A.B. asks: 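Once you've had a glance at the structure underneath, I'll fire off some questions.
Quick note: residue numbers are just sequence positions, from 1. The basis for the numbers below is simple: all heavy atoms, side chains too, and nothing from hydrogens, waters or symmetry mates. On a predicted model such as this, the values are computed, not experimentally measured, just so you know.
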Amino acid sequence: MSLNRPLFSEQKPRFSRSSLNTIIIVTAIMIILLSQSNRFIGEESSNHSSTDVNERTIAPDTIPTTPTTTPDAPQTLETLAEVPLAVPPAKTAPIDHWISSKGAKVYFSAAPEIPMIDIRILFSAGASRETPEYAGLAKLTNGILSEGSKHHTVDEIAAHFESLGAHFSSSAYRDMALTSLRSLTDPNYLTPALEMFTEVINEPAFPKEALQRNLELMRLSLKHEKQSPGRLSNKAFMNGLYTSHPYGHSPGGTQESLNRIKQKDLMQFHKAHYVAKNATVAIVGAITKEQAEAIAETITEKMAAGTPPAKLPAASLQPAQQTHVHFPSQQTHVIMGLPSITRDNPLHPYLYIANENFGGGGFNALLLTEVRE
């Protein structure tokens with residue numbers, strides 16, 4: 001063993017002398033700053049304390065002598081029930097009503113908040129106005145209105161409404177057919193939109209290619225219906241509830257009825273039902289009554305006056321019956337019902353609201369919420 005090797009190896013220092021000096025200086029500065037800030041805080045607190053003491057010494061009568069009140073107890077359901085609720089009064093928008101020169105019913109309500117206008121025309125031209133042999137005719141007539149007019153193609157009609165920022169829509173149900181227009185009230189947009197809207201309603205061409213395309217879509221819908229237990233059960237329910245009543249057959253038609261419908265049938269149905277005396281025009285928007293009157297005249301002046309259709313017969317109460325539609329599914333659909341009041345009954349709005357709250361309002365209805373929770 002060599003005696004020249006040191007017993008302990010020399011270790012290098014972790015910090016250099018300059019680094020240690022820097023750390024010491026920084027630490028000293030931080031200690032000084034902290035002590036100064038604490039002194040200032042202490043002086044400020046003492047000043048506030050002395051001020052409070054002096055105020056109490058100078059004006060001892062200002063010291064409150066009443067005992068401190070405890071926080072209010074939490075409200076219970078019983079106490080909350082006694083609190084009067086500030087229910088704001090119901091606001092009803094004034095609705096003006098008149099008859100156009102061609103005999104159409106017109107309703108108008110001013111809505112000046114937004115510079116827009118909504119126009120809806122309701123015709124008594126739903127599925128209840130067709131015969132079961134031609135079931136689906138009302139839906140086809142309404143659906144092909146915007147597929148082409150005597151002066152414009154379907155693409156030109158769509159491009160025209162789009163360029164004006166206007167929206168046209170139509171739909172048909174068992175008891176009515178609708179056409180709607182939404183547009184800005186600026187005359188530069190509203191005037192040309194009304195011109196096209198009037199043309200589409202009063203002068204449809206019912207192109208044969210559009211009729212064939214829509215017939216094929218309705219046939220596909222009937223095939224899809226066979227795979228939907230909800231649609232099958234609803235159709236069976238309506239057929240059993242109304243039997244031979246005009247509401248009894250489906251607006252979507254059957255394979256046999258769709259095969260009978262031709263272009264001339266759509267033209268005859270439109271000529272008979274899309275007339276002024278069978279129309280109700282509803283207008284809501286940022287316009288005056290005078291402007292609404294002019295718009296109603298513009299829309300209906302090209303309509304034939306026509307005659308209103310006969311009133312539908314009242315639905316008779318059928319004997320209680322049970323219909324079972326077999327469907328290979330693990331889910332069961334149950335529908336129960338009977339004829340109730342008509343739409344013109346004064347109680348209809350109240351019962352409609354009650355139905356929406358209790359069961360007919362989808363996921364917001366009380367019944368469905370209770371069952372699902």
Side-chain angles (χ1 to χ4, degrees), residues 125-144 147 169-178 209-262 265-266 269 312-313 315-341 343 351-352 354-373:
S128 57
R129 297 300 177 182
E130 63 192 16
T131 60
E133 292 78 14
Y134 287 87
L137 178 59
K139 185 176 182 179
L140 278 168
T141 303
N142 181 270
I144 310 179
E147 296 274 352
S169 63
S170 60
S171 54
Y173 306 93
R174 277 185 165 83
D175 54 356
M176 59 184 170
L178 304 173
E209 59 274 14
L211 173 59
Q212 294 303 319
R213 183 175 63 256
N214 282 270
L215 281 171
E216 188 60 30
L217 290 174
M218 293 179 69
R219 293 189 183 101
L220 291 174
S221 179
L222 290 175
K223 293 180 180 179
H224 175 71
E225 186 179 76
K226 297 179 180 179
Q227 302 176 5
S228 173
R231 294 178 62 180
L232 288 176
S233 59
N234 185 72
K235 177 179 284 188
F237 171 74
M238 297 298 291
N239 291 338
L241 184 65
Y242 292 105
T243 60
S244 60
H245 190 272
Y247 282 174
H249 66 271
S250 174
T254 63
Q255 295 288 356
E256 294 75 17
S257 66
L258 295 179
N259 291 334
R260 296 190 185 98
I261 297 176
K262 308 299 179 185
D265 300 317
L266 275 69
F269 188 86
L312 292 174
S316 58
L317 185 63
Q318 303 296 324
Q321 59 178 314
Q322 178 177 337
T323 303
H324 176 74
V325 180
H326 176 71
F327 190 86
S329 173
Q330 295 181 352
Q331 188 176 24
T332 301
H333 290 252
V334 180
I335 303 179
M336 298 180 291
L338 70 162
S340 182
I341 63 175
R343 291 180 183 272
L351 293 178
Y352 182 85
N355 178 65
E356 289 293 304
N357 288 332
F358 288 113
F363 285 95
N364 294 325
L366 297 178
L367 177 61
L368 186 59
T369 301
E370 184 68 22
V371 171
R372 294 185 69 90
E373 291 184 356

A.B. asks: Could you check if a side-chain atom of Ile335 sits within less than 4.5 angstrom of a side-chain atom of Ser233, using non-hydrogen atoms only?
C.D. replies: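 Counting from C-beta outward, Ile335 and Ser233 do come under 4.5 Å.
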
A.B. asks: Heavy atoms only: give me the nearest His249-Pro132 pair and the separation to one decimal.
C.D. replies: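 Closest heavy-atom pair between His249 and Pro132: ND1-CG, 4.1 Å.
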
A.B. asks: Taking Ser171's backbone N and O only, do any of them form a donor-acceptor pair with Asn142's side chain (distance below 3.5 Å, no angle check)?
C.D. replies: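 At least one qualifying donor-acceptor pair exists.
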
A.B. asks: Report yes if some heavy atom in the side chain of Phe269 is under 4.5 Å from a heavy atom in the side chain of Arg129; otherwise report no.
C.D. replies: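 Yes; the side chains approach each other to less than 4.5 Å.
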
A.B. asks: Give a yes or no on whether the backbone of Glu225 and the side-chain of Ser228 come within a donor-acceptor separation of less than 3.5 Å.
C.D. replies: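 Not confirmed, Ser228 side chain does not pair with Glu225 backbone.
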
A.B. asks: Nearest 0.5 angstrom please: Phe237 CZ to Leu232 CG, how far?
C.D. replies: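 CG of Leu232 is found 15.0 Å from CZ of Phe237.
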
A.B. asks: Just by distance, do the side chain of Arg231 and the backbone of Lys226 share a donor-acceptor pair under 3.5 Å?
C.D. replies: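 Flag not set: sc Arg231 to bb Lys226 has no pair under 3.5 Å.
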
A.B. asks: Restricting to non-hydrogen atoms, name the atom on Gly252 and the atom on Leu222 that form the minimum distance, rounded to 0.1 Å.
C.D. replies: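 The answer is O-CD2, 4.3 Å.
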
A.B. asks: Between Arg343 and Asp175, is there a side-chain N and carboxylate O pair less than 4.0 Å apart?
C.D. replies: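 The answer is yes: the pair qualifies as a salt bridge.
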
A.B. asks: If you take all heavy atoms of Ala177 and Ala125, which pair is closest and at what distance?
C.D. replies: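 Where Ala177 meets Ala125 most closely, the heavy atoms are CB-O, 3.7 Å.
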
A.B. asks: How many angstroms lie between atom CG of Leu220 and atom CG of Leu215, to the nearest 0.5 angstrom?
C.D. replies: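 The CG atom of Leu215 is 11.0 Å from CG of Leu220, to the nearest 0.5 Å.
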
A.B. asks: Apply side chain to side chain contact (heavy atoms under 4.5 Å, CB included) to residues Tyr173 and Lys139 and explain how you reach the verdict.
C.D. replies: CA-CA 7 Å; Tyr173 306 93; Lys139 185 176 182 179; over 6 Å; no

A.B. asks: Starting at OG of Ser169, measure out to CG of Leu178 and round the result to the nearest 0.5 Å.
C.D. replies: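 That separation rounds to 8.0 Å.
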
A.B. asks: Going through the distances and angles, do Leu312 and Tyr247 end up as a side chain to side chain contact (heavy atoms under 4.5 Å, CB included)?
C.D. replies: CA-CA 10 Å; Leu312 292 174; Tyr247 282 174; 4.0 Å; yes

A.B. asks: Do any N or O atoms from the side chain of Arg174 and from the backbone of Ser128 form a donor-acceptor pair under 3.5 angstrom?
C.D. replies: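 The answer is no, because no donor-acceptor pair under 3.5 Å joins these two groups.
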
A.B. asks: Counting distance only, does the side-chain N/O of Glu147 pair as donor-acceptor with the main-chain N or O of Ala210 below 3.5 Å?
C.D. replies: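 It does not hold such a pair.
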
A.B. asks: Work out which heavy atom in Gly136 is nearest to a heavy atom in Ile261; give both atom names and the distance.
C.D. replies: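 So the minimum-distance heavy-atom pair works out to C-CD1, 4.0 Å.
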
A.B. asks: Can you check side chain to side chain contact (heavy atoms under 4.5 Å, CB included) on Thr323 and Gln321, steps first, answer last?
C.D. replies: CA-CA 7 Å; Thr323 303; Gln321 59 178 314; 4.1 Å; yes

A.B. asks: Is the backbone N or O of Gly253 less than 3.5 Å from a side-chain atom of Ser257, with the two atoms forming a donor-acceptor pair by type?
C.D. replies: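 Side chain of Ser257 to backbone of Gly253, a donor-acceptor pair under 3.5 Å: no, none is there.
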
A.B. asks: Is a side-chain N or O of Asn239 found less than 3.5 angstrom from the main chain of Lys235, in a donor-acceptor match?
C.D. replies: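 Side chain of Asn239 to backbone of Lys235, a donor-acceptor pair under 3.5 Å: yes, one is there.
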
A.B. asks: According to the interplanar angle, ranging from 0 to 90°, do the rings of His326 and His324 count as parallel (below 30°), tilted (30 to 60°) or perpendicular (above 60°)?
C.D. replies: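 Tilted, since the angle between the ring planes falls between 30° and 60°.
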
A.B. asks: As an exercise, state the distance from CG of Leu338 to CG of Leu317, rounded to the nearest 0.5 Å.
C.D. replies: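 Interatomic distance, Leu338 CG to Leu317 CG, rounded to 0.5 Å: 6.0 Å.
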
A.B. asks: Could you walk me through whether Leu366 and Phe358 satisfy the side chain to side chain contact (heavy atoms under 4.5 Å, CB included) test, starting with their C-alpha distance in whole Å, then the side-chain angles of each, then the deciding distance to 0.1 Å, before giving a yes or no?
C.D. replies: CA-CA 5 Å; Leu366 297 178; Phe358 288 113; 4.0 Å; yes

A.B. asks: Are Ser250 and Met238 close enough that some pair of their side-chain heavy atoms sits under 4.5 Å apart?
C.D. replies: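 No. Closest side-chain heavy atoms not under 4.5 Å.
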
A.B. asks: Any donor and acceptor pair, going by atom type alone, linking the side chain of Asn357 with main-chain N or O of Ala354 inside 3.5 Å?
C.D. replies: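 No; judged by distance alone, with no hydrogens or angles, the pair does not exist.
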
A.B. asks: Minimum heavy-atom separation for Glu130 to Leu137, with atom names?
C.D. replies: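 Nearest heavy atoms, Glu130 then Leu137: OE1-N, 3.0 Å.
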
A.B. asks: Please give me the minimum heavy-atom distance between Pro339 and Ala315, naming the atom from each residue.
C.D. replies: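 Pro339 and Ala315 have their closest heavy atoms at CB-CB, 4.3 Å.
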
A.B. asks: Does a side-chain N-to-carboxylate-O contact under 4.0 Å join Arg219 and Glu216?
C.D. replies: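 Yes.
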
A.B. asks: Looking at CE of Met218 and CG of Leu140, how far apart are the two atoms once the value is rounded to the nearest 0.5 Å?
C.D. replies: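 Reported value, rounded in 0.5 Å steps: 4.5 Å.
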
